[in-house]
Amino acid sequence: MSSSEDDVPLARANGRANATPKMKSPATNGDLDPGVSVRFGPVQDADVDMKDVDAARGASKRKSRTSIDRKKSYVEPESSEEEDKPLSKRRRTSVKHEDPETDEDVPLALNGRKLPKASETAIGEESDSDVPIEKKLTAQKKKIEQKATKDARAARKAPAKKESKPAAATKKQTNGTESVTPKKGKAKVKAESEDADEKEEEEDEYKWWEDPTKGDGTNKWTTLEHNGVVFPPPYEPLPKNVKLKYNGVPVTLHPEAEEVAGFFGGMLNSTHNVENPVFQKNFFTDFKDILKQTGGAKDAQGNKVDIKEFIKCDFKPIFEFYDAQREEKRNLPPAEKKKIKAEKDEQEAAYQFCTWDGRKQKVGNFRVEPPSLFRGRGEHPKTGRVKTRVLPEQITINIGKEATENINGNYKYVMLAANSDVKGQSDYKKFEKARELKKYIDKIRKDYQKALKHDMMVERQKATAVYLIDQFALRAGNEKGEDEAETVGCCSLKYENISLKPPNTVIFDFLGKDSIRFYDEVQVDPQVFKNLKIFKKAPKKNGDEIFDRLTTSALNKHLQNYMQGLTAKVFRTYNASFTMSNLLKEMKATGTIPEKVKAYNDANRRVAILCNHKRTVTAGHANQMEKMGERIKGLRYQKWRLKQQMLDLEPTLKKKKGAAFFERDEDLTVEWVKEHQAFLLEEQTQKIQKKFEKDNEKRVADGEKEMKTSELNERLEVVKDLEKKYAKENKSGKVEAEGRGPTVEKIEAAIVKLDQRIETMSVQAQDKEDNKEVALGTSKINYIDPRLTVVFSKKFNVPIEKFFSRRYARSSSGPSSLWKRTGSSNHSIPS
DNA sequence: CTTAAGACTTAGCATGCGGTAG
DNA sequence: CTACCGCATGCTAAGTCTTAAG
């Protein structure tokens, strides 16, 4: 870790005022900003602590919208009917429930620690669904929708009984007057000092969901204490003998330039970046820049070496050095590793937690991002550029203006960890919002169904977009800037992203967030099909937007009419949780714990597929599949051998069972069989040899004499025999019955067992293949209401730890122990 | 209305560790 | 016991959405 000198805590780095105007970035090209601001999170304060204004900034944030100026005019809109009026008012009366069944469902918080009944789940908690689990999610859609409609009606009908919000913002505390008061090396941000005495006695019993001040989300804290951030260690120059080579000549660089060369050299194993021409180009541009600023490169004699061609740069020496270093670290004895880790933990302990309204809370990211090369994903135009080092004077406490990172001009934030109270609160709100959508979903669907035929182009586009977002879980699709990768979401779908196949098949093919490909062939409502055809009509062409009259803000504004706070993303949460809820509800509580976990994961996977969450296929995947395939084939070969043994015992069986029964599977060719036999023999040999060696070692240890090679050879006789046996089998095409007292019955039983093994393994292989590019984590963490998982865990008696790691155990507190680790003794707030 | 800035959530990748199959 | 695999964790990029200003 860094020396203490470099670990300038936030508060010390800049308690407040020694605001250094700005730093020049050694590696900028003019259009980029130097400087980064790390803000200590949730911002709610307007005080400007320090400024770091760079006039050059701003140029990069331009967004573009290819507007298509066709003025397609449709007939005047029919005035919207009564029911189309904002629902927000009506909402107030319909929020409440009476249905006893949903009783617990609602303000879980108000019930203290009580959990919903196992049969109830947070979303769609009503009667058992009759939606069958189908292969394809789309196939269920109709039924699911019908059910949703039913649910929504029921929800609306139910008269009021309880407030559905856990914490109405009845008492609002003001805290608009914060100021920053550095104190004893700590950043202490305080608002109302008189509040200080009011803080909870029992930290770990704090139930934020019952706190009336936590409702409206404007004031998140009144007091905040933290120790700022940790800076990365300073650059450590390479040893003298490790140098970048240019045109074969080792060159000496100024440490700053060397560091940048090191960024590239250190990642030579990441071919995916290093071989990307854009990455190379951007890196090299920035690298040359820094060379220029630092006096360039020199050879051993001190002569200048002009570095101008990327291909002449050889980073391998640098790579080898860093790789060896990594290797060394990896090979450290475990005890040593532990010690190092403990030391680091101790050094950083002070930064791990902050005090938030008097309660100890985990900080999410207190380490300042080290300098490196920007790894933009997909075809990001800036990928490979140098991210400059962040200096203490660029850090802003909580608030501040005009200082951003140098690549995209963004702020970086320090926020609390996912398991902190604040994060728990917003998480909770998010899922509550999704559940609220449940009450309006049928209306929304009915409306867009109708509006699909609207006379106004805008309205049609709006309806069609909502349809797509609702049905296929598309993201909203905001506009993107020129200097970002070209990815799209619903509203920004381009002409070429959608193909239409009559009568009503739509093929989506586009790059979404993180440049992850979204490809799906789906059936749509006939009217949607017609609309998309209209939206694609000439003169629209490749590159033009399908929803050219629609923006995400217009769409979201429309959604707000139904429900306060309703936006496009809520549909993803809603549909994900709703799907999960239905799947879990139908699950049978049988089998072992691993089997139940598997069943849960299968449901999880369906949601992940819905949301198009992917991962890159692991490097070894193809190999692993190959291996599994071989093993399955091997089993089938053994099965064939068993059958032959039956014939050996009872030749008449051939007639009885039919010749086909005894034939070898076609893919088990003669050559394959020979190879496989060789493999088996080799395997056997290895095993015996290893055993022999080990036995000898043991003998030596025991002070006995080693066995001779003759002993080994004797042991290897088995293999020889086996080899002979195979040879004989190959020649005769027959297999002699094996084992003690073989009977046809015994062999039949063995075949049954083998069949089971083959079956299990085939399923496993299929599973692995189907799962190779599906990422379960994202949907589990961000989309599936955790209460569903808790209910499942209780109902099926599977420990919750099987589903949530410490990292995501939603804070130590939460409504009905759901954002809390149930029954835990609150270990997650260390003291 | 459009645009930009700002705050915060959602996202996949790298890495290392611990469990386990062989 | 070792090699391998899957997963937790750390990291930071890339979205969404709100707000404010012109």
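Sequence lines set the chain letters: A, B, ... in the order given, protein chains first and strands last, and positions in each chain run from 1.
- Whole-Å rounding puts the Q764(A) CD to dA21(B) P distance at 10 Å.
- Side-chain polar atoms of H676(A) and E630(A) form no donor-acceptor pair below 3.5 angstrom.
- Taking the side chain of T487(A) as heavy atoms from C-beta on, and the options dC11(C), dG15(C), dT12(C), the nearest nucleotide is dG15(C).
- Nearer to the 5' terminus of DNA chain C, by closest-nucleotide assignment, is the contact made by G364(A) (compared with the other of G364(A) and N556(A)).
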Any chance you could lay out the side chain to side chain donor-acceptor pair (under 3.5 Å) test for Y600(A) and S793(A), step after step, and finish with the verdict?
CA-CA 10 Å; Y600(A) 176 93; S793(A) 134; over 6 Å; no
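- Within 4.0 Å (heavy atoms only), K341(A) reaches no atom of the nucleic acid at all.
- Within 4.0 Å of K338(A), counting heavy atoms only, lies no atom of the nucleic acid at all.
- Here G477(A) lies in heavy-atom contact (under 4.0 Å) with sugar-phosphate atoms only.
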Between protein and nucleotides 9-17 of chain B, map the contacts as a letter string: B base, S sugar-phosphate only, - none, heavy atoms under 4.0 Å, written 5' to 3'.
SBSBSS--S
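- Scored by the side chain to side chain donor-acceptor pair (under 3.5 Å) test, Q624(A) finds no partners at all (sequence neighbours excluded).
- The listed nucleotides are dA14(C), dC17(C), dG6(C); the one nearest the side chain of A476(A) is dC17(C).
- Taking the six-membered ring wherever Trp is involved, the centroid distance between the rings of H380(A) and F374(A) falls below 6.0 Å.
- G620(A) comes within 4.0 angstrom of nothing in the nucleic acid, heavy atoms only.
- Map K362(A) and S515(A) each onto its nearest nucleotide of DNA chain C; the residue landing nearer the 5' end is K362(A).
- Proximity note for K768(A) (side chain, C-beta onward) versus dC5(C), dG10(C), dG6(B): the nearest is dC5(C).
- Nucleic acid contact for G777(A): none, since no nucleic acid atom lies under 4.0 Å from a heavy atom of the residue.
- If you check every strand for non-hydrogen atoms under 4.0 Å, A568(A) touches sugar and phosphate atoms only.
- For the pair N365(A) CG and dT9(C) P, the interatomic distance rounds to 16 Å; values are reported in whole Å.
- Ring centers of Y783(A) and H613(A): under 6.0 Å apart, within the cut-off.
- Nucleotide dA21(B) holds its P atom 15 Å from the CD atom of Q624(A), rounded to whole Å.
- Put simply, CD on E479(A) is 18 Å from P on dA14(C), counting in whole angstrom units.
- In this structure, the ring of Y519(A) has its center no less than 6.0 angstrom from the ring center of F508(A).
- In summary, R615(A) and E773(A) do not engage in a salt bridge, as defined by a charged side-chain N under 4.0 Å from a carboxylate O.
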